[in-house]
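Convention: sequence-line order gives letters A, B, ...; per-chain numbering from 1. Note that these values count all heavy atoms, side chains included, but never hydrogens, waters or copies made by symmetry.
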Amino acid sequence: MSRTARLRLFLAAAAVLAAALITAATELPGFGGHHHPYGERAVAAGLARQTANIISSVNFDQRAFDTLGEESILFGSVLGAAILLRLARDEGKRRAAAEPVLPTTRLFGATLLPVTLLVGGYLVAHGQLSPGGGFQGGVALATALHLAYVAADYRVLKRIRPLAALDVADALAAGTYAALGLIGLAQGAGYLANTLPLGTFNQMSSSGLVAVINAAVGVEVASGVVVLLAHFLDQAVEIVHNGENR
Amino acid sequence: MSVFPYLVAGWILLAGLYGLVTSRNLVQAVGCLAVAQSSTYVLLLAVGYRSGATAPVFSDLPTDAPVVDPVVQALVLTDIVVGATVTALLLSLVIQLRKRHGTVDPEELTGLRG
Amino acid sequence: MNTADLLPLAVAVPLLGAAVLAVTGRRLPRPGRDALATAWAAADVACLTLLWARTAPDGRAVSWLGGWSPRGGHSVGVVLVADRLGAGLALLAAVLVLAVVCYAWRYFDEPSGEHGGVFPALLLLFEAGMVGFALTGDLFDAFVFFELMGAVAYALTGYRIEDERPLQGALAFGLVNSAAAYLSLLGIGLLYARTGELGLAQIGAALDQHAAAGHGRDALVVVAFVLVLAGPLVKAATAPFHFWLPDAHAVAPSPVCMLLSGVMVELGVYGVARIHRVVFAGAGGLPDDAVRDTLLAAGVLTALVGAVMCWPQRHLKRMLAFSTVGHIGLFLIGAALLDPAGLAGSAVYVAGHAGAKAALFGLTGVLLDRYGSVDEHGLHGRARELRLTGLLFVIGALALAGLPPFGTGLGKAVAEEAAGHWGGWLPAVFVLVSALTGGAVLRAGLRVFGGLGARPAEDPEAAATTGEGEEPEIREPGRRPPVPMLLVPALLLAGCLAVGVLPGVGRALAAGAAAFTDRDGYLAQTLGGAPAPAGAAPEAWWTVPGVLLGLLSTLLAVGLATAAVRRAPGRDTSGLFRVTVLPLRRLHSGLLGDYIAWLTVGLAAMLAALTAQL
Amino acid sequence: MTNALTVIALLLTAVTATTAALTREPVRQAVVLAFLGLCLALLFTVLQAPDVALSQLGVGSAITPLLILLTVRRVRRQEQADEHPDRTE
């Protein structure tokens with residue numbers, strides 16, 4: 001198919017799709033409507049389980065199985081990227097060169113690093129109470145580490161990044177999530193049932209299993225994202241074709 | 001106003017698909033896939049919105065306050081993670097393909113046909 | 001242990017196994033990793049066998065996760081539901097994963113050290129995705145597990161990073177399937193807006209209530225139907241969404257191909273049937289006739305495209321991949337009849353086909369292992385020394401052609417008979433597709449293992465993918481094929497035979513098909529009511545016309561294969577070939593932009609077809 | 001007021017998404033995608049979804065563009081190596 005033929009074909013089909021989407025949109029309940037049966041049940045259920053942040057309650061309690069699948073996708077992608085970005089038979093690693101860094105950049109990175117670490121830690125710890133949670137906090141923690149790359153250079157990042165330990169932490173956190181579900185199963189309440197003490201509403205210790213799963217997700221996301229970025233950084237900086245070696 | 005957010009979602013989807021169809025660079029194609037995916041965020045959150053309501057976080061709210069639908073927000077959170085990880089996998093494939101094939105132009109990938 | 005507890009356990013076991021392998025893999029030697037992976041895969045087979053045995057033939061096992069059982073028909077949780085077809089498909093996936101793990105014992109050039117254990121860990125994650133997708137009763141959960149299957153499968157397909165073709169195939173696979181998954185999610189959003197629910201049963205019930213309240217059928221349901229099914233239809237490689245499949249299946253490592261062709265694409269058909277049945281088959285859904293006609297048309301098109309494209313292939317794995325497309329079309333026809341008999345036929349057919357097709361991919365792996373090539377022309381006569389491999393290959397080809405008493409033959413016979421009630425010409429499609437795909441594989445077997453006929457001349461006009469110059473998957477070419485590489489295919493073929501010979505299998509699947517189509521029962525049992533007994537199970541056993549048609553397709557396959565082998569080399573291709581096959585082959589351009597354009601065209605065609613019949 | 005804000009955020013998102021799909025050059029597209037992440041985060045905040053906005057900020061405007069930039073860097077390095085096989089970069 002020539003490129004123009006393909007484009008014409010696509011545009012014709014896209015026009016049909018667009019018409020269908022427009023018709024469907026007019027038949028949807030209007031934006032901002034008040035009919036949310038599942039949402040209202042979820043709010044009631046979350047409050048009953050002493051979880052102030054209802055989204056955390058949905059993610060880690062009511063629909064915790066979805067999140068288990070999601071974390072498995074993250075785990076699988078980290079493993080997949082590791083295997084896809086492994087050293088090919090004809091490749092080797094070179095040493096990353098020291099790179100000059102502007103003093104202002106260094107200051108920027110050095111100041112931001114502890115702040116971001118704190119924010120990340122806070123987000124993970126308060127997931128059941130306020131916006132944020134294991135996932136957002138984990139991303140912030142992973143980003144924090146890479147500020148070292150901005151502030152100094154790749155070699156410094158490599159030194160403060162315990163890659164082998166993070167690899168294991170990622171797998172352990174993924175396994176822990178799946179294993180936590182077995183507690184409820186063993187107690188006869190069902191897989192991933194929130195059978196831990198629920199605590200007091202709006203306290204750090206509230207919401208039972210939600211806080212625990214939240215922490216596991218935080219560990220998995222933080223270590224998973226660091227490992228994922230490490231594979232890409234290796235490719236961008238270190239890995240060279242054997243013929244290309246200096 | 002009542003259908004506008006839904007139409008925006010549809011538009012973003014079609015824009016992303018158009019980008020994919022006409023792409024001449026695989027890295028750019030993966031970016032277009034991310035664009036197409038953001039249509040799902042817009043649609044889901046628009047569906048869950050409720051006028052005059054606040055975020056479903058009750059740390060500083062009376063428990064009978066009207067809140068927007070928390071379920072769609074949980075779904076979008078999952079969706080965002082899925083999208084990012086799939087993007088990472090696809091980009092890994094692009095990196096290796098570039099090494100072995102010498103191009104990132106999808107129009108020149110004719111090794112599998114017929 | 002509770003039967004209901006087995007459902008989440010079947011998903012959790014491989015997930016735990018993957019984590020354990022990822023942690024310990026780098027410290028264990030290769031045999032230790034293999035033993036560990038085999039043990040986890042076997043544990044999940046045991047779990048699912050127990051689930052299959054404990055699920056009532058006409059009932060379901062229901063597990064509300066997190067203990068969120070419904071109150072007054074409503075719940076905030078996710079539900080897993082197993083009937084005999086869902087549990088059976090999950091069991092099939094688990095058995096194939098076990099077979100693949102054993103097959104790969106000595107076969108695979110698996111990296112060790114830092115990456116030790118990653119390959120089996122990915123296989124187990126893939127298994128978790130497939131089992132979760134087969135068992136879930138929740139639409140968004142289905143999306144999550146669909147993506148889990150997908151993400152892991154892209155990585156497994158692109159596993160051989162030293163060769164460009166697997167990378168290209170994996171990329172096409174990933175981009176097209178992900179785009180389709182997002183379309184599905186948009187559809188889920190539309191359904192959530194209308195009903196405010198995510199569970200299959202809840203959405204179905206809410207749509208029915210919407211209709212009962214006096215709202216007529218509208219475009220929203222049509223659009224939601226097409227979008228939600230886009231994901232499973234693309235996974236099932238329904239024409240014109242099928243372009244990614246031959247690209248990916250032809251180049252993935254052979255053990256991965258066994259899983260992709262054997263069970264993953266079949267899960268797409270299962271998803272289509274399940275979602276349609278529970279969500280859209282009620283008063284608030286779409287009329288049966290419109291759905292039947294649309295899906296039948298898609299099935300027939302897929303079957304014909306697959307068969308016609310399978311015949312001229314010379315790359316053995318690509319040939320097998322197109323034969324999968326053809327058979328998927330037949331499964332879709334069986335499911336599209338929307339009656340228990342057609343579904344029972346498809347279920348038996350899927351079980352038989354998984355054995356035969358996985359065995360054939362495994363045997364092709366032997367060729368790749370030994371000769372570093374999977375090219376029918378290049379290997380002409382070279383594999384005469386591999387007698388047992390050749391014998392198994394020919395048996396597999398005959399099973400693919402529908403030879404009684406193989407399971408493929410039984411499934412074909414049952415589906416054919418059911419299809420004959422709706423259109424007298426439909427059985428002809430079954431015979432034609434079986435003959436062409438079985439014939440192509442048989443022809444390749446005769447040439448490669450028998451050295452029959454003359455070496456085919458090159459046809460410069462055909463834009464073909466050859467099978468030459470493949471990266472061998474192991475590092476010691478020319479060794480004797482290891483025992484598991486022959487034993488596993490032999491056992492898989494025996495399994496295919498057992499499906500057709502043991503009357504219990506067909507009977508159980510037929511009862512499962514009756515339960516599957518019993519929508520009211522599904523809704524009642526999931527949402528906590530008492531189900532009425534399902535309708536009578538259809539017959540799923542050999543009949544005289546079934547046996548005769550099976551023999552006919554086998555004879556046709558043998559005839560086609562011998563005619564092709566005997567044909568004088570260098571004779572001009574016929575005019576019919578030029579006008580039908582060549583343009584179709586040119587459409588399979590390998591270009592990503594084309595694939596996305598065809599995806600949009602398929603959606604538009606389905607939207608138009610359904611709207612016109614509303 | 002909220003209505004006006006929603007419309008503005010939606011328009012901004014639609015325009016940025018279109019620009020991102022039409023931007024052919026991957027590095028420039030990564031920048032537009034980062035901006036799209038910001039627009040989406042703004043939209044999500046207006047739609048009372050702070051959790052999602054936080055995620056989108058982290059993933060959409062940081063990680064995804066970063067992954068794309070690293071990929072481009074690797075691809076560029078390969079191109080230089082292909083053009084000057086005798087010389088290292």
For chain A, the option from [options] that forms the most heavy-atom pairs under 4.5 Å:
| options | result |
| --- | --- |
| C/L65, C/V20, C/L156 | C/L65 |
| C/D594, C/V152, C/L7 | C/D594 |
| C/A206, C/G132, C/S75, C/G150 | C/S75 |
| C/G66, C/A155, C/A605 | C/G66 |
| C/A151, C/A193, C/S63 | C/A193 |

Report which part of [X] has an atom under 4.5 Å of a heavy atom belonging to chain A: side chain, backbone, both, or neither.
| X | value |
| --- | --- |
| C/A170 | neither |
| C/A219 | both |
| C/V601 | both |
| C/T136 | neither |
| C/T600 | both |
| C/L198 | both |
| C/D138 | side chain |
| C/T195 | backbone |
| C/V11 | side chain |
| C/F143 | neither |
| C/L607 | side chain |
| C/L599 | neither |
| C/L227 | side chain |

### Query
Out of A/A5, A/A14, A/A24, which one racks up the most heavy-atom pairs below 4.5 Å with chain C?
A/A24
### Message
Looking only at heavy atoms and a cut-off of under 4.5 Å, which of A/A88, A/G39, A/G190, A/A178 has the most pairs with chain C?
### Response
A/A88
4.5 Å side-chain heavy-atom contact, [X] and [Y]:
| X | Y | result |
| --- | --- | --- |
| A/L9 | C/W598 | yes |
| C/V118 | A/R86 | no |
| C/H115 | A/L79 | no |
| C/E197 | A/R41 | yes |
| A/Y38 | C/V76 | yes |
| A/L28 | C/L190 | yes |
| C/L16 | A/L182 | yes |

### Query
What part of A/R49 lies closer than 4.5 angstrom to a heavy atom of chain C: side chain, backbone, both or neither?
side chain
### Summary
Between the CG atom in A/L85 and the CD1 atom in C/I161, the distance rounded to the nearest 0.5 Å is 8.0 Å
#### Entry: CG on C/L603 to CG on A/L17, rounded to 0.5 Å
6.0 Å
Of all heavy-atom pairs between [X] and [Y], which one has the smallest distance, and what is that distance?
| X | Y | result |
| --- | --- | --- |
| C/A19 | A/G175 | CB-CA, 3.5 Å |
| C/G158 | A/L84 | O-CD2, 3.2 Å |
| C/V223 | A/A20 | CG2-O, 3.5 Å |
| A/R6 | C/A597 | CG-CB, 3.8 Å |
| C/L122 | A/G76 | CD2-O, 3.7 Å |

### Query
For A/E91 and C/E162, what are the C-alpha separation, side-chain angles and deciding distance, and is it a side chain to side chain contact (heavy atoms under 4.5 Å, CB included)?
CA-CA 10 Å; A/E91 285 177 335; C/E162 277 92 4; over 6 Å; no
### Query
Which residues, numbered in order, of residues 52-75 of chain A come under 4.5 angstrom of chain C by heavy-atom distance?
A/D61, A/Q62, A/R63, A/F65, A/D66, A/L68, A/G69, A/E70, A/S72, A/I73, A/F75
### Summary
By ring pair (Phe, Tyr, Trp, His ring centres under 6.0 Å), A/F232 pairs with (sequence neighbours left out) none
### Message
Is there a side chain to side chain contact (heavy atoms under 4.5 Å, CB included) between C/Y159 and A/I83? Walk through the geometry before answering.
### Response
CA-CA 7 Å; C/Y159 186 83; A/I83 209 85; 3.6 Å; yes
